[in-house]
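To start, the structure itself, in structure tokens.
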Amino acid sequence: MESKEQHLITLMIADDHKLFAEGLCAILSKHPNFKIIGVAANGKEILHLLNHHLPDILIIDLNMPVLDGETACEKIRQLFPSVKIMVLSMYHTSKLATKLEEIGVKAFIQKDTDADSLFKIISEIKLGECFFEKTKSNLQSASNYNVDDHFQKSHNLTSREMEILKLISDDYTSQQIAQKLFISLNTVDTHRKNMVQKLNVTGKTGLLKFALENKHR
Amino acid sequence: MNKKLFKLILILFLPIKFCFAQTGHPILIDTAKKFSISKHGYFYEDKNLNLSIDSLINYKAANKLIPLTPGKVFSKGYTESYYWIAFDVENTLDQAVHLMFKEHSSGINQLQLYKLDHLGKIYPFGLTGDHFPFKQRPYRNRSFIYPIILMAHEKATFFLWADKRGQNLYMPMSIGRDVDIVQAEIPLHTLFGFYTGVFVFAMIFNLLLFVSVKDNIHLYYAIYIFCMLIFILEEEGLAFQWVYPNFPGLQDYMRLIMASLSCGLLIQVMQLFVDQNESNSRMFRFTNYYKRFCWSMAIIPVLMRFKSFIILEKIVFYINNFLALLTVIVIIICVVERIKAGYKLGWYYFIATVMLLFGVFNYIFNTLGITNFNLLKPNGLVVGLTAEIIFLSFALTQRYNFLKKEKEILLEEKSKHQVDLADGIFNAQEDERTRLARDLHDDLGGTLSIIKLNITAFQHKVLQLTAGEQVFYDRTIGMIEKACFDLREISHNLMPKNFEQSGLIETLKEHFITLNQSGKIKFDFVFQVDQPMESTMEITIYRIINELINNIIRHSCASKATIQILSFNERINIMAEDNGIGFNPDRDKKGLGIQNILSRVKYLNGKIQIDSNQNGTTTTIDIPIK
């Protein structure tokens, strides 16, 4: 009996979406390992509840009236550091994930996960694991580019601008560039102006000079 | 037989009779310039309108004529009779003299001078008067002048017949040397020439203003100037000479008509000038009635042309004088009322009217015989009018400036209001989107999530289901996942979450990451934005770029696209390039996507340029930074 008590994970839920909170409550309470000891509709209410009981894990939404999830998390981390916080939200950005991790939240999970993963995550948080879905943005930065690409990226140029720069260095006039690239003269001029701004050179001659200097990159 | 004898005796005795009867003191012509008639002349009233020159010669011989009052102008008031004037002249010099007889009033209807020489021969000097065309005058002058030549030591008697029936007879006369009479006319003509020039210039000026600015006030004012010009010229007989020499009889009541008309016109001009209307003036009703009264007063003299009598004549005369005074006073009261109400432009009118006021007072007091001096030459009215006309013409152009400025302010306010309105619509739209996005995402998203949780909670029981049921179960979960994904997509499109916190660039960055993961087109996003943007501008630019991206994805068939945002000192440049199939911007402008872009660019006062062909499309948008 005692060991069973020990296995039991106490939970509190804070979500203003009533249907979701109730549904989550129903699913979790059916699970033999979990015990729901409180449900709140916003950050303030959950702080009240926490004054009476402390759960093992607090499942909290971010977007709530009166006191939103993020601020509530910060307060809870200060007042009740023993409570493990799991954020269950509709939103997920890498920025938010980083921020929540800094605050000391144990997990940041999207609401539309399936029940099994949810159960698994809750159990593992109890054991001290953390869950932050790494968004794909971090993968992006790992993309490989060659030297050419590096030049383009470092000067913040577009591939069309690279083409134009190359043609400038080959002594093409704007008219010729327009013909060669099938764009209007106006567009070439706009590109020129944009490059002058980005490369911080002065006028057509400045651009030509830059083009010649970097011809063989 | 007896009769013949009597006549013979009569003719013989006639010259003798001259010597005794009413021939006492002829006008002795010496080297003087001017000679008085009133001291030497006689008059006779022909009540029955049937006397001839012969009868007058007889009456004179019979002492039936009445001597003129010396030093006084011959004036008989309203009359229904003909009048005869007679005076003797004797040239005391050894040579012939050229004299002129002049009637000054220039308003006698019919006039004829006869000369009776010492032999009893009658010489008629021609019929004239303002009921005859100007060219019939014996001497072409604004007044009636008869040139007379007297031989050395010649004696003669002159008879003047005058018809001023139905009107006021006032007939100043003089006789003098022709050179001096003509010379006396020169300064007057010069003076009136000058004033006429000023009036005509002001009139043309206002007519041209009317044509160019299409403001009725200038037309009314031009007519007013015309009326006043005719009025002051008519007084000296110049209007007949200069304006309508072939319409005799017109001038009888011209001055009365012109005076009443111009009173009404001046009121009308004042009302337009100070923008008097029902709502801003208690005087408005009264001035309107008064204006119409003035105009109807102008009709009465026209009727008097056909039938007139003394009382009407007198009433009209006094009313007209009174009208002029009252008009000026009414105008001053109205203008002061408007000035008090804060209409600064009224000051111009006030000053102009005060100038006129002095002239009118001076003139009317003179006419009524209360005073007898002229403040300025030729008379107070002319100078007052000229000052008024010059000043008011200037004021009218000032008024135009004033109205223009007011209009500009109004336009500015209106365009500002329109911008505010557009701002309001855009903000309301964005607010609505934010609300929709939030509701969709949070509420429906939450519900969908819990449905998924609920269903997946059955997972452990799935093993008990048949294979077919298991497939169905999995498909249901797949559908729910699809619904969740779509929902997120839709609400993100409506309003990207945390747009205000993350800002345009961050939001776009994330957007391109997802696009590059899922789509076939490789998007490049290049940006260089140094200064923070206004939030409305930021969201609008986001919408524009989103729409550009959508167009590329949906229609371009491109494999590569670059979106670029660059900020310059005074503008932001957005450039979207793709290597797709292009489109005809002129023909496909009606597409909703393009329309959305165009209206948003317009909202930001930006410029858009679409350079498209089968090798790709480049859209360039420049947006000024406020």
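Below, chains carry the letters A, B, ... as their sequence lines are ordered, and counting in each starts from 1.
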Would you compute the distance between atom NZ of A/K111 and atom OG1 of B/T447 and round it to the nearest 0.5 angstrom?
9.0 Å

If you count the non-hydrogen atoms of other residues, nucleotides and ligands that lie under 6.0 Å from NZ in A/K198, is the total more than 12?
yes

Please find the pair of heavy atoms, one from B/G446 and one from A/M90, that lie closest to each other, and give the distance.
N-SD, 3.8 Å

Do A/S184 and B/D611 have side-chain atoms, one donor and one acceptor, less than 3.5 Å apart?
yes

Out of B/M575, B/E481, B/K560, return the one with the most heavy atom pairs under 4.5 angstrom to chain A.
B/M575

So which part of A/L88 gets closer than 4.5 Å to some heavy atom of chain B, the side chain, the backbone, both or neither?
neither

Would you mind checking which part of A/I27 comes under 4.5 Å of any heavy atom in chain B, side chain (CB onward), backbone (N, CA, C, O), both or neither?
side chain

Could you list all the ring-ring contact (aromatic ring centres under 6.0 Å, His included) pairs where at least one residue sits in residues 427-449 of chain B, not counting sequence neighbours?
A/Y91-B/H441

Can A/N194 and B/N573 be counted as having a side-chain donor-acceptor contact under 3.5 angstrom?
yes

Quick check: under 4.5 Å, non-hydrogen atoms only, which of residues 16-25 of chain A neighbour chain B?
A/H17, A/L19, A/F20, A/G23, A/L24

For A/N156 and B/F527, the nearest pair of non-hydrogen atoms, with its separation, is ND2-O, 2.6 Å

Less than 4.5 Å to any heavy atom of chain A: does that hold for the side chain of B/T562, its backbone, both, or neither?
side chain

Could you give the distance from CD1 (A/I183) to OG (B/S612), rounded to the nearest 0.5 Å?
12.5 Å

So, the part of B/L566 with a heavy atom under 4.5 Å from chain A: the answer is side chain

Does A/N63 offer a backbone N or O that forms a donor-acceptor pair with the side chain of B/D442 under 3.5 Å?
no

Please identify each residue that fulfils side chain to side chain contact (heavy atoms under 4.5 Å, CB included) with B/L444, with sequence neighbours left out.
B/L440, B/L487

In short, A/Q197 meets B/S567 closest at the heavy-atom pair NE2-O, 2.7 Å

Evaluate whether atom CG of B/N569 has more than 12 neighbouring non-hydrogen atoms of other residues, nucleotides or ligands under 6.0 angstrom away.
no

Contact class of B/N454 relative to chain A, heavy atoms under 4.5 angstrom:
both

Flag for B/E577-A/H191: side-chain donor and acceptor within less than 3.5 Å:
yes

Between B/T456 and A/D114, is there a donor-acceptor pair closer than 3.5 Å when you use the side chain of the first and the backbone of the second?
no

Within the distance-only criterion (no hydrogens, no angle test), does the side chain of B/K452 pair as donor or acceptor with the backbone N or O of A/D112 below 3.5 angstrom?
yes

Under the side chain to side chain donor-acceptor pair (under 3.5 Å) test, which residues partner B/S556, sequence neighbours left out?
none

